[in-house]
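Contents: one structure, followed by commentary.
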Amino acid sequence: MRGRGLCPYLSLLETDPLRDRGLRKGFFSPAPPPSAASSRGPFRRAPLGLHLFLRENGLVRPAKVRSRRRLAPGYFLLEIEAPEAAPRARPGQFVRLKAWPGYDPLLPRPFSIHARSEKTLSFLIQERGRATAVLSRLRPGEEVWWDGPLGHPFPLPERGEVWLVAGGVGLAPFFFYLETLRARGLSARLFYGARTRGDLVRLSALERLCPVQVATEDGSRGRPGLVTDLLREALKKGSPEFILACGPPGMLAAVGHLGERAGVPVYLSLEAMMACGRGLCLGCAVSRKGGGYLKVCVEGPVFPAEEVDLDRLG
Amino acid sequence: MRGRGLCPYLSLLETDPLRDRGLRKGFFSPAPPPSAASSRGPFRRAPLGLHLFLRENGLVRPAKVRSRRRLAPGYFLLEIEAPEAAPRARPGQFVRLKAWPGYDPLLPRPFSIHARSEKTLSFLIQERGRATAVLSRLRPGEEVWWDGPLGHPFPLPERGEVWLVAGGVGLAPFFFYLETLRARGLSARLFYGARTRGDLVRLSALERLCPVQVATEDGSRGRPGLVTDLLREALKKGSPEFILACGPPGMLAAVGHLGERAGVPVYLSLEAMMACGRGLCLGCAVSRKGGGYLKVCVEGPVFPAEEVDLDRLG
Amino acid sequence: MTGSVELSGLRLSNPLMLASGTWGFGETLSPEILRSVGALVTKGISLEPRAGNPPPRLSETPCGLLNSIGLENPGLAAFRKGILPRLLRIGPPVIVNILGESEEEFLRLAEGLRETGVAGLEVNISCPNVKKGGLAFSQDPDGVFRMVRRLREVWPGWMSVKLSPVGPVAEVAHAAEEGGASALTCANTYPALAIHPGPKGPYFHLGGLSGPAIKPLTLRLVYELSRRLRRPLIACGGILSGRDAYEYLLAGARAFQVGTATLLDPEAPRRILSELDELSRAD
Amino acid sequence: MTGSVELSGLRLSNPLMLASGTWGFGETLSPEILRSVGALVTKGISLEPRAGNPPPRLSETPCGLLNSIGLENPGLAAFRKGILPRLLRIGPPVIVNILGESEEEFLRLAEGLRETGVAGLEVNISCPNVKKGGLAFSQDPDGVFRMVRRLREVWPGWMSVKLSPVGPVAEVAHAAEEGGASALTCANTYPALAIHPGPKGPYFHLGGLSGPAIKPLTLRLVYELSRRLRRPLIACGGILSGRDAYEYLLAGARAFQVGTATLLDPEAPRRILSELDELSRAD
Ligand SMILES: Cc1cc2nc3c(=O)[nH]c(=O)nc-3n(C[C@H](O)[C@H](O)[C@H](O)COP(=O)(O)OP(=O)(O)OC[C@H]3O[C@@H](n4cnc5c(N)ncnc54)[C@H](O)[C@@H]3O)c2cc1C
Ligand SMILES: Cc1cc2nc3c(=O)[nH]c(=O)nc-3n(C[C@H](O)[C@H](O)[C@H](O)COP(=O)(O)OP(=O)(O)OC[C@H]3O[C@@H](n4cnc5c(N)ncnc54)[C@H](O)[C@@H]3O)c2cc1C
Ligand SMILES: Cc1cc2nc3c(=O)[nH]c(=O)nc-3n(C[C@H](O)[C@H](O)[C@H](O)COP(=O)(O)O)c2cc1C
Ligand SMILES: Cc1cc2nc3c(=O)[nH]c(=O)nc-3n(C[C@H](O)[C@H](O)[C@H](O)COP(=O)(O)O)c2cc1C
Ligand code: FES
Ligand code: FES
C-alpha cells in the first residue's frame with residue numbers, strides 16, 4: 001500500500017467527467033456562422049462580428065457613479081458615467097462591474113444594460129449576494145470599474161411585433177430594448193412575471209413603452225401564476241414575429257418549448273458564471289442541443305432557443 | 001537523482017532559522033510578573049492582570065462611525081460608537097478595526113486609542129495602505145467592526161512629570177494620555193517630531209494640555225532635526241520621572257539609549273504585525289534583551305526600554 | 001450537525017475543535033466560548049521549550065495569513081505542570097498536539113502525557129526529522145507508519161495524526177491509518193512565501209499559509225481522502241463560517257477545526273457553531 | 001526588468017507571457033496588447049478536438065478562481081490550419097501548449113507542430129496518463145524523464161515543461177530538466193473543490209485553482225526550485241500586478257506568465273508591464 005508506485009494515486013487533478021462518460025471527443029464550438037442562424041429568423045449579429053466589435057468597443061474604465069436609486073426592496077437602479085460606452089451600447093448587451101477594492105470578491109459581475117443616456121449606462125440590479133450588496137450602497141461620485149459593452153445585442157424584428165417574456169430581474173435588458181424599438185417605430189408586447197408584487201419594478205415606465213401583462217405566483221398582482229401561462233394564452237390568439245425571453249432557467253425552457261409548439265421563433269437571453277466576459281476563459285458554457293457547448297458571453301447572451309439544450313439549462 | 005529516497009527533499013516546510021543558528025532551545029516568555037517590572041519604576045498593570053482584563057473587557061462589536069474628520073493631508077480622525085468599550089479604555093491601549101466586507105484585506109488593523117468620550121472612541125490614523133484608505137473614506141453611520149480595548153495601558157507617574165516623545169503618527173495615543181494626566185493633576189511635556197510641518201497634527205489641542213516642543217527634519221516648523229535632539233537638550237537641563245516614547249523603531253531605540261545614559265526610566269510603545277491582538281497567535285514578537293521574545297499585544301504594547309533589544313527593533 | 005460526534009471512541013459534544021496554535025492557552029478568550037467547543041487542541045508541545053522564530057512572524061496575503069511562529073511553546077515540563085491542569089478544568093476534551101524532531105522525541109512526549117487526563121494526542125508530523133537529514137516526517141510514509149506503530153505501544157489512547165497538505169499526502173494518510181491512528185487531521189498550513197520591501201532590501205518571509213485562501217485546496221484533500229480512508233477525518237483549513245464547516249462535513253469530514261478564524265474574531269467559534277446549527281435546521 | 005530576457009536560447013522582448021487558456025486566441029483582446037507581450041502561450045492543444053466539461057465550469061473562491069474548463073480546444077488539425085497562422089502574424093513568439101493522455105500523443109503533437117514557425121512548446125503534464133491507469137504525468141518523475149527525452153528526439157527546439165504544483169514537484173522538475181527541457185513553467189493550477197447549494201442538493205465543483213490566493217504557494221515553489229535547478233524558471237500563479245511579477249523575479253524566475261489577471265481585466269498585461277517598469281526604475 002505504501003510506496004509510490006503501488007498506491008493508486010489520488011486524482012488530485014482536474015477531473016474530466018466527460019471523459020468518464022465517454023464524451024470527451026467532441027468538437028470545439030466556434031461562433032456559429034451568421035448564415036446558419038439567420039435561416040431561422042432575422043438574428044443579426046454586429047456587422048463585423050462580435051470579436052472585432054469587442055476589440056473596438058469593449059472598453060475598460062474606472063468611472064464614477066452618477067446615481068443609485070432604490071426601486072423596491074431588494075432592487076435598485078445604478079447609473080454610471082460611461083461616455084465612451086454609452087453611444088456604442090446596444091440592447092441585450094451587458095457590462096461587467098466591480099466597485100470594491102481588493103480581491104474578495106474576485107470577479108467583476110455582469111449586468112445587462114437597462115437604459116442609457118448620452119453619457120451614462122444604467123443597470124437594474126437585484127440584491128443577491130456580496131457584490132450586489134456593495135453596489136446597492138454606492139453613492140454618486142464613488143468609483144466603479146466597468147468593462148463593456150459586451151455580448152451580442154438582441155435581434156430586432158423586420159417589421160412585425162416582438163413579444164417579450166420577462167421573469168423577475170430578467171426584465172432588466174428589456175427597458176433599453178423597448179426604447180430602441182420605439183425609436184424605430186417597431187412594436188412589442190411585454191409579459192412580465194415575478195414571485196410577488198414587490199418583485200415587479202418599473203411598471204409605469206414600461207407601460208408607457210408597450211402593452212404590459214403581469215403575473216405573480218402568489219396572485220398579489222396581475223394574473224395568479226407563471227408568466228408562461230400568460231404567454232400560452234396569448235399564443236392561442238395570435239403570434240409575434242418572434243419571442244424574446246429573459247429570466248430564470250426554468251422559465252426560459254418553458255418559453256422555448258411553447259414557441260416550438262406554436263411554430264414561433266424564440267430567442268433566449270442566457271446567464272452563466274463569467275470570469276472574463278469576452279471569450280478568453282471558455283468558462284461560460286451552456287449545453288448546446290445536439291452536444292457541445294455555447295459560450296454565453298461571446299456567442300450570446302442571446303441565442304435561438306433551438307440551439308440550446310433546454311433541459312440542461314440549470 | 002530521481003526516486004524519492006535518493007533526492008534530498010526540498011524544504012517545502014516552515015523553516016526555523018533559530019534552529020539553524022543553534023538558538024532553538026530558548027524559553028517560553030510568559031508575561032513578566034508585576035514585581036519584576038515595578039522594581040524599575042511604577043509600571044502598573046491592570047489590577048487583575050491583562051488576561052482577565054481582556055476576558056472581561058476585550059469586546060468585539062459591529063458599530064457605527066460617528067465622525068471622520070480630515071486633519072491634514074494623509075491624516076484623519078475617526079470616531080466610532082463604542083459605549084461598551086469607552087468607559088473601560090485606558091491610554092496606551094489599542095483597538096482593532098475592520099471596516100470592509102470580505103477577506104481582502106484579511107486582518108483587522110490595530111490603532112491606538114487617541115481620545116474617548118462617554119460613548120465613543122477616537123483614532124488618529126495615517127493613510128498608509130489599503131485598509132487605512134478604506135477607513136479614510138468612511139462616513140457617519142457606516143459600519144465598522146471593532147475589538148478592544150486591548151493591550152496594557154501606559155504607566156502613570158507617581159507624582160513627578162512625564163516626558164512624552166512622539167515621532168510622526170506615534171503621537172496618536174498621547175492625546176488620551178495627556179487628558180488623563182490632566183484630570184489627575186499630573187504634569188507632562190511633549191516632544192513631537194515629524195518629517196515636515198504637514199505631518200504635525202493637533203498642535204493647538206495639545207498645547208492646551210501641556211508644553212509642546214516640535215521638531216521637523218526639514219526645518220519647516222520648530223527645530224530643524226530629529227525629536228531626539230530636542231530630548232537630548234532637555235535632558236541636559238532636567239529630567240522627568242520617566243520618559244514615554246511612541247514612534248518609528250529608530251526613534252524608539254535612540255530614546256532608549258538616551259534615557260539609559262541619563263539614568264531616566266524609559267517606556268516604549270512598540271508596534272508589530274498582529275493577527276489576533278490578544279495573545280493567541282504569538283505572532284507579534286519583538287526581540288527581548290538577553291534573548292527570547294516579547295509579545296507586543298499582551299505583554300505590551302508599552303515596555304520598559306531595558307527589556308527590549310533596541311538594536312533589533314526593526 | 002452541531003450535536004455530539006464520535007471519532008473512534010472519542011466523544012465530542014459537537015464537531016468544532018479549536019486548532020493548535022490559534023487560541024493561546026485560552027487566557028484571553030471568553031470562558032463561555034472555551035467551554036462550548038467540542039475539543040481543545042493545544043499549541044504544539046515539544047520536549048524542550050522553544051523560543052520560536054525571530055520577527056517578523058506574520059504576513060498578510062490575499063485572503064490568507066502566513067505565519068512563521070516557529071512552534072514557540074513552554075516545553076513538556078512547564079506545560080504539564082503549569083498549564084495542563086487549568087486546561088483540563090475548562091470542560092471540553094483536551095487533545096495535546098505534540099511535535100518532535102525524531103521518533104524518540106515523539107515517544108517521550110507521549111510517555112510524558114500518560115495519565116494526565118488528556119483525551120488524546122494530535123501528532124504534528126510537519127516537522128523535519130533530524131535523523132533523516134531533515135526530511136520532514138510528513139514526506140516519509142514509511143517513517144510515519146513506523147512511528148505511529150511505536151507510538152501506539154506507549155499511547156494506547158486516542159491519537160490523531162495531523163497531515164501536511166503537501167507531498168505524498170495520500171500515502172502518508174494511509175501509513176498513519178495502518179500504523180494505528182484513531183483519526184487524521186487534514187490539514188496543517190501550506191508552505192508559502194511572502195516578499196516584503198525592507199530597509200536592507202527585500203525580505204523573504206517563509207512560513208505556513210492558513211485562512212480562507214486555502215479552503216478550496218484542503219476541502220479537495222478532505223474530499224479525496226475521506227473516500228479512501230477508514231478512519232474519521234478532522235478537517236482543518238480556512239473555516240471561517242458555519243457554511244465553510246458544513247462544506248467540509250459534506251466533503252466527508254466527521255469533525256473540524258477552527259484556527260485563523262479565532263485570531264481574527266475571538267467570537268468565531270461560537271458564531272460558527274451557531275451558523276452551522278442554523279444551516280442544519282434549514283436542511 | 002521589463003527588457004529583453006533570454007531563456008535557453010529563446011529571446012523575448014520582455015519577461016511577460018500570456019498563460020495558456022487565459023487569452024482565448026486573442027480575438028477579443030486589443031492587438032496592441034497582444035503585440036506587446038514577451039510571448040504568447042496558447043490554449044492547450046490536443047490531437048483531437050475536445051468539447052470540454054459540462055457547466056458549471058467556474059467557481060469563485062476567496063481571492064481565487066476555480067475552473068474546470070476541461071481543456072476544451074479545437075484539436076491539432078484545426079489549430080494548425082485555422083488559428084496558428086493568425087497567431088504567428090501577431091508578433092511575439094508563439095509557444096504552443098500541448099496536452100496528451102499518453103507519451104505517444106505528446107510525441108505526435110510535437111511532430112505535428114514541426115516547421116510551423118512556433119517558437120517552442122509548453123508541455124502540460126497535468127494530465128492523466130491512460131497508459132498508467134490514470135496516474136498523472138505530473139506525479140511520475142520517471143515517466144516525465146522518459147517522455148521529455150523522447151520528445152527531444154522529435155522536437156529539438158525550445159520546450160518548457162509545465163509543472164503541476166502538487167505531488168513530487170522537485171523530482172518531476174529535476175526529471176524534466178535531465179530529460180532535456182529548455183525551461184520549466186512553475187506552475188499550473190492547484191487541485192481544488194468548491195461546494196455550491198443546488199436545486200438537486202449540494203453540487204461538488206472539482207477543478208483547478210488560480211488567482212491571488214495561490215501566489216504565496218507558487219512563489220514558495222519558485223523560490224525553492226530556482227535554487228536547485230539549472231534551467232530557467234517561468235513563474236505562473238497569481239500575478240496580478242507589477243509588484244507580484246517583481247516578487248517572482250526576486251524569487252528566481254527568469255520570466256513570468258499572467259493568466260487570471262487578463263480574465264479579470266483585459267488591460268492587465270499592459271498594466272503589469274508598466275507597473276513592473278516603474279518598480280525597476282524605483283530600485
Ligand atoms: C449576462 C448576464 C446579465 C445579467 N444581468 C443582470 C441584471 O441586469 N440585473 C441583475 O440583477 N443581475 C444580472 N445578472 C446576474 C448577476 O450577475 C448576479 O446576480 C450577480 O453576479 C450576483 O453577485 P453577488 O455577489 O451579489 O452574488 P453571489 O452570492 O456572489 O452570487 C449569486 C449568483 O450570482 C451569479 N454570479 C455570481 N458571480 C457571477 C459572475 N461573475 N458571472 C455570472 N454570474 C455570477 C451566480 O449564479 C451566483 O450563484 C446577469 C448575469 C449575466 C451572466
Ligand atoms: C499597537 C499598534 C498601534 C497602532 N496605532 C496606530 C495609530 O494610532 N495610528 C496609525 O495611523 N497607525 C497605528 N498603527 C499602525 C497601523 O496599524 C498601520 O499603519 C495599519 O495597519 C496600516 O494598514 P494599511 O492596510 O493601511 O497598510 P498596509 O499596506 O497593509 O500595511 C503597511 C504597514 O502597516 C503595518 N500593518 C499592516 N497590517 C497590520 C496589522 N494587522 N497589525 C499590525 N501592523 C500592521 C505593517 O507594518 C505594514 O507593513 C498601530 C500599530 C500597532 C501595532
Ligand atoms: C499562528 C498559528 C500558529 C499555529 N501553530 C500550530 C502548531 O503549533 N501546531 C500545529 O500543528 N499547527 C499549528 N497551526 C496550524 C493550525 O492549527 C491550522 O492547521 C492551520 O492554521 C489551518 O487552519 P485555519 O485555516 O483554520 O487557520 C498554527 C496556525 C497559526 C495561524
Ligand atoms: C480558464 C483557465 C483555463 C486554463 N487553461 C489551461 C490550459 O489549457 N493549459 C494549461 O497548461 N494551463 C491552463 N490554465 C492554467 C493557467 O495557464 C495558469 O497556469 C494558472 O491559471 C495560474 O496562473 P494565474 O494565477 O495567473 O491564473 C488555465 C487557467 C484558467 C483560469
Ligand atoms: S466568461 Fe470567459 S469565455 Fe465567457
Ligand atoms: S497579535 Fe496575536 S499574540 Fe499578539
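Lettering follows sequence order; numbering is per chain, from 1. Model, not experiment: these values are computed from the prediction.
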Just give me the residue among D/Ala192, D/Gly64, D/Pro212, D/Pro165 that pairs up with chain C most often, heavy atom to heavy atom, under 4.5 Å.
D/Ala192
Determine the minimum heavy-atom distance between D/Gln139 and D/Gly167, stating which atoms define it.
OE1-CA, 3.1 Å
Using non-hydrogen atoms and a 4.5 Å limit, figure out which bit of D/Leu209 sits close to chain C: side chain, backbone, both or neither.
side chain
Is there a donor-acceptor pair under 3.5 Å between the side chain of C/Ser226 and the backbone N or O of C/Ala253?
no
Exam field: side chain C/Asp265 to backbone C/Thr262, donor-acceptor pair closer than 3.5 Å:
no
Chain D contacts, top residue of C/Cys63, C/Ala213, C/Ser59 (heavy-atom pairs, under 4.5 Å):
C/Cys63
D/Val144, D/Val161, D/Leu184 screened by side chain to side chain contact (heavy atoms under 4.5 Å, CB included) with D/Val172, the one that passes
D/Val144
Cut-off 4.5 Å, heavy atoms of chain D, and the answer for C/Leu217 is both
Toward chain D, the part of C/Pro197 with a non-hydrogen atom under 4.5 Å
both
Answer whether the closest heavy-atom distance between the side chains of D/Pro269 and D/Leu18 falls below 4.5 Å.
yes
